[in-house]
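Presented below is the structure to which this report refers.
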Amino acid sequence: MALSGGGLVRLLSEELPAQARLQASGPALAGAAWEHWLVGFCDERLVPFEDPESTCGLYRKQLLSKISIPNNHVVAINPTLPVEEAAKDYAVRLRELFPGDNMPVFDLLILGMGPDGHTCSLFPDHPLLKEQTQIIAPISNSPKPPPRRITMTLPLLNAARSAVFVVTGDSKATVLKEVLEGKSANPLPAGLVQPAEVNWFVDQASASKLSSPGDQDLP
Ligand SMILES: O=C1O[C@H](COP(=O)(O)O)[C@@H](O)[C@H](O)[C@H]1O
């Protein structure tokens with residue numbers, strides 16, 4: 001699987017350990033079998049792991065330390081490299097998880113979406129949306145700080161077996177309606193993520209502008 005950052009870190013960190021405890025305590029329910037998962041990151045900020053902006057650093061502190069995922073099952077970036085090198089290095093690290101595959105195929109991507117429709121570190125109208133060769137790309141001018149990041153690109157995202165978007169809060173209501181119901185000739189980045197299966201987990205606030213469920217023609 002690959003995890004996203006932003007608000008998703010708190011959501012997963014609050015909910016998954018509770019679920020894991022529940023499953024572990026229920027004899028009829030197998031534990032979450034965390035040891036069978038390899039964990040990558042859909043994007044990452046190029047900051048030290050101890051920086052509060054570090055997605056991996058936050059997950060290590062708030063989630064991964066509470067569930068039984070072996071340290072060597074977490075594939076982190078090397079934040080000490082220049083951003084271009086960090087992207088190349090991370091692509092190599094991810095490819096090592098998928099020996100022999102030309103395109104790594106993740107079982108599950110857990111994605112967020114910003115109020116501008118960005119996902120990962122793919123921002124509206126950014127040239128990275130047209131990247132078709134690299135599976136991980138550098139960005140040095142992120143409109144959302146911090147500026148230097150690396151991100152999965154659409155070819156890698158769209159090769160996944162399944163993606164889950166987790167979108168909450170009224171600041172996302174307008175863009176969620178655009179992504180799920182809009183017909184723009186220039187779709188927002190989140191609307192360009194179309195792997196084999198996509199599920200959206202939304203709350204009342206972010207879904208407040210959607211048409212009534214009965215008459216939606218979702219992508
Ligand atoms: O900067 C980022 O933003 C997106 C969306 O974050 P959210 O807090 O609005 O859900 C996030 O998915 C991405 O991983 C992160 O680097």
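Values below: every heavy atom of this structure, side chains too, minus hydrogens, waters and symmetry copies. Start at 1 and go down the list; that is how both ligands and their atoms are numbered.
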Q: Could you pull out all residues at least two apart from Phe49 that satisfy ring-ring contact (aromatic ring centres under 6.0 Å, His included)?
A: none
Q. Tell me, which residues have any heavy atom less than 4.0 Å from some atom of ligand 1?
A. Ser4, Gly5, Gly6, Gly7, Asp43, Arg45, Gly112, Met113, Gly114, His118, Cys120, Lys144, Arg149, Lys172
Q: Let me see the working for Thr168 and Lys172 under side chain to side chain contact (heavy atoms under 4.5 Å, CB included), right down to the final yes or no.
A: CA-CA 7 Å; Thr168 62; Lys172 313 289 177 78; 5.8 Å; no
(Q) Check this for me: does any side-chain nitrogen of one of Arg93 and Glu96 sit under 4.0 Å from a carboxylate oxygen of the other? (A) no
Q. Relative to the ring of Tyr59, is the ring of Phe41 parallel (under 30°), tilted (30 to 60°) or perpendicular (over 60°)?
A. tilted
(Q) Please give me the minimum heavy-atom distance between Ile135 and Pro104, naming the atom from each residue. (A) CD1-CG, 3.9 Å
Q.
Ignoring hydrogens and geometry beyond distance, is a side-chain donor-acceptor pair present between Asn78 and Thr80 at under 3.5 Å?
A. yes
